[in-house]
2 protein chains.
Amino acid sequence: MTTTDAAPEAGARLRAVGLKVTAPRLAVLQAVAGAGHLDADAVHARITGELPGTSLQSVYNVLGALTDAGLLRRIEPAGSPALYESRIGDNHHHVVCTRCRAVADVECVVGEPPCLVPGESTGAASGFAIHTAEVTFWGLCADCRVALEASALEASAPEASAAEASALETPAPVASA
Amino acid sequence: MTTTDAAPEAGARLRAVGLKVTAPRLAVLQAVAGAGHLDADAVHARITGELPGTSLQSVYNVLGALTDAGLLRRIEPAGSPALYESRIGDNHHHVVCTRCRAVADVECVVGEPPCLVPGESTGAASGFAIHTAEVTFWGLCADCRVALEASALEASAPEASAAEASALETPAPVASA
DNA sequence: CAGTTGTTTTGAGTGATTCAAAACAACTGC
DNA sequence: GCAGTTGTTTTGAATCACTCAAAACAACTG
């Protein structure tokens, strides 16, 4: 499966939104489609294999253009760089791991934005005309849960537990990674 | 209403969470309490009046300490710097204006996190142990709605409308401010 | 009031992203 | 098939928001 294989289909989608078909765009499109949620750096790393000369700046340009065109969706969880995904059109949501920042998709029961509206009665929205509801769940991914439980077994190991306790907290920029 | 007026109460809250009572902390606490949602720079600007020597770095330190201690809450809407608010304890949400980035509170019907859980049946969560759901609504604030409607009346003014159309889109870093 | 420990300051550094201008390559029409 | 036009990519620099580290300093303890 080389770039050329997927190209025709991707090329058509680019043209459909009025964008020129270029090698970097095809490569980015393919890279993002082949992975869940990638930041600009990760995309750059992925396409460097088949398209060695591509600059990081171009990746930013391309990601921006594709996002504006609606071919990619950008999410920006607190404490992570912007991530791009190719699942668009459905209005799904995300879970982010508070410890390792891993991201997974969460199905939206509604599908169409806004899938949620602020309660009218609560005096909410204060004059806003809302068109989207973005839901981000925070928790521990399976791996981190295991890692944390494992180290919890060695009961009172004071240095380790301090850092790990913070992983149980809500959205807060991560100290390490 | 000077700093000294609010100090006793704020000082007590600082001590309660094991933090030393210092002038910058009291000033930050007061500044954030007196405004909706402030970023570090805005807090710094506000306290510079009464506490001229305070460095921006200290403001970051203080905001971090107060957030960790649970006296402030930090939100990070896509495309905005981190914002701090003093409404804590209740699990409320936010609306962000896609045009001017203004933020307003939205009441949460549940109040306790997580106020929302991914549908079990949808195959969602993929092994995550979720403890919080963060909801961000996106829309146009009253002012921007008026501004946009006003300029829409002068039907075909091509230069203005392009930029404004993007304000109707979902979470995307804002071009100007 | 002295000591200890946490805070603030100063100064520098970093990651993620954007801006701008010049070199370049896709599509258009000939 | 080729020249032109216009959109893309590259190069290089700059910016924003924030973090790191070490030294100066000030709150609380006894």
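Each chain gets a letter, A, B and so on, in the order its sequence line appears, and its residues count up from 1.
Distance, A:L14 CG to D:dG7 P: 16 Å, rounded to whole Å. Counting to the nearest Å, the P atom of C:dG15 and the CD atom of B:E76 are 18 Å from each other. For B:H44 and C:dT8, the NE2 to P distance is 13 Å, given to the nearest whole Å. Look at CZ on A:R15: it is 20 Å from P on D:dT6, rounded to the nearest Å. In this entry the distance linking CG of B:D68 with P of C:dT7 reads 11 Å, nearest Å. Computed from coordinates, the B:L26 CG to D:dA26 P distance equals 16 Å when rounded to whole Å. As rounded to whole Å, 10 Å separates atom C1' of D:dG12 from atom CD of A:Q57. B:L56 places its CG atom 12 Å from the C1' atom of D:dT19, with the value rounded to the nearest Å.
Pair assignment for D:dG4: C:dC27, on the basis of Watson-Crick or G-U wobble contacts that are both within less than 3.5 Å. Judged by Watson-Crick or G-U wobble contacts below 3.5 Å, the nucleotide C:dA20 has D:dT11 as its partner. Pair assignment for D:dG30 gives C:dC1, based on Watson-Crick or G-U wobble hydrogen-bonding distances that are each under 3.5 Å. Base-pair partner of C:dT14: D:dA17 (Watson-Crick or G-U wobble, both distances under 3.5 Å).
Residue A:S58 is in base contact, counting any heavy-atom pair closer than 4.0 Å across all strands shown. Among the atoms of the strands shown, none is found under 4.0 Å from any heavy atom of B:A65.
Between the side chain of B:H44 and the backbone N or O of B:T54, at least one donor-acceptor pair lies under 3.5 Å. Checked by atom type and distance alone, the side chain of A:R74 never pairs as donor or acceptor with a backbone atom of A:G64 at under 3.5 Å.
Picking from C:dT10, D:dC28, D:dT19 the nucleotide with the shortest atom distance to the side chain of B:Y60 gives D:dT19. Closest to the A:A40 side chain, of the nucleotides D:dC28, C:dT17, C:dA25, is C:dT17. The side chain of B:P81 lies closest to D:dC18 when the candidates are C:dC27, D:dC18, C:dT9.
Taking both residues in full, the closest heavy atoms of B:V59 and B:A40 are given as CG1-O, 3.6 Å, listed atom of the first, atom of the second, then distance.
Residue A:T22 has no polar side-chain atom (N or O) positioned under 4.0 Å from OP1 or OP2 of D:dG7. At the phosphate of C:dT8, OP1 or OP2 sits under 4.0 Å from a side-chain N or O atom of B:R25.
Separating the CG atom in B:L63 from the OH atom in B:Y84 is a distance of 5.0 Å, to the nearest 0.5 Å.
At a threshold of 4.0 Å, the pair A:E149-A:R145 does not count as salt-bridged, since none of the basic side-chain nitrogens sits closer than that to a carboxylate oxygen. The pair B:R87-B:E107 counts as a salt bridge, with a side-chain nitrogen and a carboxylate oxygen less than 4.0 angstrom apart.
Place B:L19 and B:A82 on DNA chain D by their nearest nucleotides, and B:A82 ends up nearer the 5' end. With DNA chain C read from its 5' end, the first of the two nearest nucleotides for A:D39 and A:N61 is the one closest to A:D39.
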